[in-house]
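Position 1 is the first residue of the sequence; numbering continues from there. Every number for a ligand or one of its atoms is a count from 1 in the order of the listing.
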Amino acid sequence: MTLAEIHTRVLACTACPLHLGCKSPIPGEGFDGWTGEYDVMFVGEGPGAEEDQQGRPFTGPSGQMLREYVDDVISTSRLFVPYYTNVVKCRPPHNRDPSPAEIRTCQHFLNSEVLAINPRVIVTVGRFAMMQFLPDALITQVHGRPQVVLGRVILPIIHTAAALRRPEYIPLIKRDLALVPRLLETPLETQEHKITIL
Ligand code: SF4
C-alpha cells in the first residue's frame, strides 16, 4: 500500500470509538512536497487538542518543541527527511491514554506506514510509541539507547510533553536526538542488538 492510500484510509477510518470524539483522524506527514523516501520516522502517542484542530501531527506545544529540536539536528549535523506520525491517529478524549484495544485496532496503520516508508531509523517519542517496538522496556532506562528490531534501528526518546512539565528532560531529549545522524551513517550490520555509542 502506498503512503497516499494509507492516508486516505486513515481519514475514512471509524474502526474504534476514538473517531467519535475527534474532529478527524490524522494521518502521518513529512517534509512538505517530499515525494521520495524518508530517512527517519518519529512516532508519538496520539494527537492532542491542537493537532486535532489543525489536522496535522506534532503541531501542539510538545510537537512543535520536537520539530524544533529535530530541525536543529538537521541544520547543524546532517540532512535527513523526517516523517511524523502517531500510534493512534485520533485524539483520545481529554488527552487520556489510548486503551490497549484502541492501540491494537489502529496498529495496522502504523505497520503499513513503516512498510511504505521503510525508514532507516524509527524514533519512538514517549512510552506508548516505545512499547510498540520494545514492549518490555522502561523508557527511563532505554531512552537514548538505540536497538535493532526486525532490521530497523529503534531510538527511544522521552516525550517532549514530559519536558514541558519537567524542563530537566530537555537536555536528555536533545542529547538523544543528536544520535540520529550517527545512526544513519552506521551500517546496520554493525548495529548488533544493542548499540552503545554514547
Ligand atoms: Fe481508526 Fe485509529 Fe482513529 Fe481508531 S484511532 S478510529 S483505528 S484511525
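- Contacts classified as salt bridge (charged side-chain N to carboxylate O under 4.0 Å, His left out) and involving residues 11-27 (residues at least two apart or in different chains) are not found.
- The two residues P57 and N86 come nearest to each other via the heavy atoms CB-ND2, 3.8 Å.
- Pairs of residues two or more places apart, or lying in two chains, that qualify as salt bridge (charged side-chain N to carboxylate O under 4.0 Å, His left out) and include a residue from residues 155-167 are R166-E168.
- Judged as a salt bridge (charged side-chain N to carboxylate O under 4.0 Å, His left out), the pairs with a partner in residues 90-107 (not counting sequence neighbours) are, in order, R96-E102.
- With 3.5 Å as the limit, one finds a donor-acceptor pair spanning the side chains of E50 and Q54.
- Within 4.0 Å of ligand 1, the residues that place a heavy atom are C13, A15, C16, L18, H19, K89, C90, T105, C106, F109, listed by chain and number.
- N111 pairs with exactly one of H108, Q107, E113 by the side chain to side chain donor-acceptor pair (under 3.5 Å) rule, that one being Q107.
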